[in-house]
Amino acid sequence: MTQKAFHHALKVDNDLCYGCTHCMTVCPTEAIRVRNGKAIIYEHKCIDCGMCFKVCPVQAIKVEQDDFSTIFNYKHRVALYPSTLPGQFDSEFSIKQIIACLHELGFTDVFEVEHGADFLVDDVKEYMKEHSDTKPLISSFCPAIVRLIQVKFPSLVQNIITRKPPLDVSALYYRKKLEDQGVDPKDIGIFYITPCAAKIAAVKSPVGEEHSSVDGVINIDLIYNRVLLLLKNHTPLDTEKIEEPTLRHTSIRWSLTNGEADRFDGRCLAIDEVHNAIDFLERLETDQITNVDFVEIRACDESCAGGILNVSNRFITVERMKKRARRHKEFLTQNPVQNPLLEYSDYLKEKCRVIEIEPRSMMKMDEDTNIALNKLEKAQKMLSYLPGIDCGVCGAPTCQALSEDIVQKNARLTDCVFMRSQMEDTGSLTHIKSIQIMKDIWGDYSINKVEEDLDNDK
Amino acid sequence: MQFEYKIQGGDFANAGTASSNVKKVLKQINVDAKIIKRIVVALYEAEINVCAHAFLGKVMVNITPEKIEIDVIDKGPGIQNIDLAMEEGFSTASPAVREMGFGAGMGLPNIKRNTDEMQIESEVNKGTSLRFVNYLISSI
């Protein structure tokens, strides 16, 4: 079976990138190299976590999104916003005002994604009962983590709960609701306002399903700017007709750390931040951690409040979301409203199943074990020549990564500056050739500016 | 391809180095995930055994395209009765070891269950040699 190419939301803007290596150093799957002075992303290793985006000093990592105007291709323009969106705004602005702003921007329908969590919490409880022999069950909520498990922990793929996350559940519900009202399916455009890159990748190239139920993705920072502009300009907003969201107060916290783990029975753990996730999954894979029933794992620190596209400080966002959940609890006690999505539970039960999730290991040196072992032995030999200080001057994040790149013919031993010095010393490499290798990795510019300065000094 | 690792008796905090390195190698040479799981579970268990019972140990790993052979050799009290040690639930682990969550008497049976071949030799007051083999090509 040929695997279709995976869509990635993160791209390098070559006009801005100057090969500073910040992204290369921070990438948790060692998916970035520098060639000709620019960062390049190895697509089979990238999990769309967005760590590179966060550290880039010149905003050269771009997060692809749909053009906002595409919403007007549809008569019914549905904004699915995550609970983290209201969490971006100071509490002086009410949820009704924020929803009114989204209408003002052109959306005909506005719905909070976490309504879907109300359905999922019961559906996943059932799933846990049916799969009580699989321990632990791993949440499918964070798409970067699903991809991380696929590429780095293939033996744990079978532990991932094969249920769609709240976003898909809410999208399925909203589409069906409009269709039931007689709306032509062609006229429905469902847009997700995303706090992260991984969700974009998941919408454009969903794991374990044919098509996503979401038509487009708009980044939360863009919406934040436009909403705040309306609020700050005191744009008259019609909040009279706007209703409070009807989701359970606990679902507002779903995308925060422990948002899922707190809602299930048994021994449930919550892990956030991608390096923590890798460390935990390593231990899980060796049975060093046992007797856990459920694990919620999110790639971002403070989960979705730390989503890379968010504007507000993640700790402030967490505090706002928790406060809102408390206020919402009081609201629900005084106004017992039913989440309309739950009326579609039977329909959603059918539709929220994910087709099997496939492992796709990025670690193998070759499909053939014989050849792979051979390559690995060569790589280890290369590694024994390298200094082991992971300086990154070769354009790879670690000496080990360079040794593997050499064996895979993506790099040469002479890419190592230490090797070159030794070879120049013994006369097996000319100085001119050595400089040329430096230029191949870091671009003409990085070397030429030094040469120009030296020329000026003369 | 060969590796060797040292294990210090009582150093549970650093146990697991051999199994996590072996796991990485097996992933790199494209061994089936289920087979990898069996091997690393057995090796981690063996590492913990040395930590719990012996003074000093070493792990020697030999990987070929067909199979992985692992020798875990320790200097320590040895095993009085190997047949008894192979029974699930039997343990001579000290209360201190049990407090750390180890010593449930599942070690050797668990290793046997997760390996294709296993031999164990032990001399009281000298030490124990454990050898196990897993085939890397799925029989199914």
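Below, chains carry the letters A, B, ... as their sequence lines are ordered, and counting in each starts from 1.
With respect to chain A, the highest number of heavy-atom pairs below 4.5 Å among B:Ile63, B:Val31, B:Val41 belongs to B:Val41. Each of B:Leu43, B:Val40, B:Ile39 has some count of heavy-atom pairs under 4.5 Å with chain A, and the biggest count is that of B:Val40.
A:Lys378 NZ: 12 or fewer foreign heavy atoms inside a 6.0 Å radius. Residue B:Gln80 qualifies as open at atom CD: its count of foreign heavy atoms under 6.0 Å is 12 or below. The neighbour count for B:Glu117 CD, taken as heavy atoms of other residues, nucleotides or ligands under 6.0 Å away, is above 12.
At a heavy-atom cut-off of under 4.5 Å, chain B is reached by A:Lys364, A:Met365, A:Asp366, A:Glu367, A:Thr369, A:Asn370, A:Ala372, A:Leu373, A:Leu376, A:Glu377 from residues 364-377 of chain A, listed in order of number. Within residues 64-77 of chain B, the residues having any heavy atom closer than 4.5 Å to a heavy atom of chain A are B:Thr64, B:Pro65, listed by residue number.
Atom OG of B:Ser19 and atom CD of A:Gln288 lie 5.5 Å apart (nearest 0.5 Å). Residue B:Lys23 holds its NZ atom at 8.5 Å from CE of A:Met363, rounded to the nearest 0.5 Å. Atom OG of A:Ser361 is separated from atom CD1 of B:Ile36 by 7.5 Å, given to the nearest 0.5 angstrom.
Neither the backbone nor the side chain of B:Leu26 comes within less than 4.5 Å of any heavy atom in chain A.
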In a table with atom names and distances, give each donor-acceptor pair under 3.5 Å that connects a side chain of residues 268-276 of chain A to protein atoms at least two apart or in another chain.
{"residue": "A:Asp272", "atom": "OD2", "partner": "A:Thr257", "partner atom": "OG1", "Å": "2.6"}
{"residue": "A:Asp272", "atom": "OD2", "partner": "A:Glu302", "partner atom": "N", "Å": "3.1"}
{"residue": "A:Glu273", "atom": "OE1", "partner": "A:His275", "partner atom": "N", "Å": "3.0"}
{"residue": "A:Glu273", "atom": "OE1", "partner": "A:Asn276", "partner atom": "N", "Å": "3.1"}
{"residue": "A:Glu273", "atom": "OE2", "partner": "A:His275", "partner atom": "ND1", "Å": "2.9"}
{"residue": "A:Asn276", "atom": "ND2", "partner": "A:Asp272", "partner atom": "O", "Å": "2.8"}

Let me check something: any side-chain donor-acceptor pairs from residues 132-141 of chain A under 3.5 Å, sequence neighbours excluded? List them with distances.
{"residue": "A:Lys135", "atom": "NZ", "partner": "A:Asp293", "partner atom": "OD1", "Å": "3.1"}
{"residue": "A:Ser139", "atom": "OG", "partner": "A:Phe141", "partner atom": "N", "Å": "3.0"}
{"residue": "A:Ser139", "atom": "OG", "partner": "A:Glu260", "partner atom": "OE1", "Å": "3.2"}
{"residue": "A:Ser139", "atom": "OG", "partner": "A:Glu260", "partner atom": "OE2", "Å": "2.6"}
{"residue": "A:Ser140", "atom": "OG", "partner": "A:Ile161", "partner atom": "O", "Å": "3.4"}
{"residue": "A:Ser140", "atom": "OG", "partner": "A:Arg163", "partner atom": "O", "Å": "2.6"}

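Within the 4.5 Å cutoff, no side-chain heavy atoms of A:Arg283 are placed close to those of B:Tyr44.
Between B:Ala33 and A:Pro154, the shortest heavy-atom distance links the atoms CB-C, 4.2 Å.
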### Message
Let's go through A:Glu285 and B:Lys27 carefully: what are the C-alpha distance in whole Å and the side-chain angles of both, what is the deciding distance for salt bridge (Lys or Arg N to Asp or Glu O under 4.0 Å) to 0.1 Å, and is it a yes or a no?
### Response
CA-CA 12 Å; A:Glu285 215 183 20; B:Lys27 282 182 184 178; 3.0 Å; yes
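In this structure, the side chain of B:Lys37 does not engage the main chain of A:Leu156 through any donor-acceptor pair within 3.5 Å.
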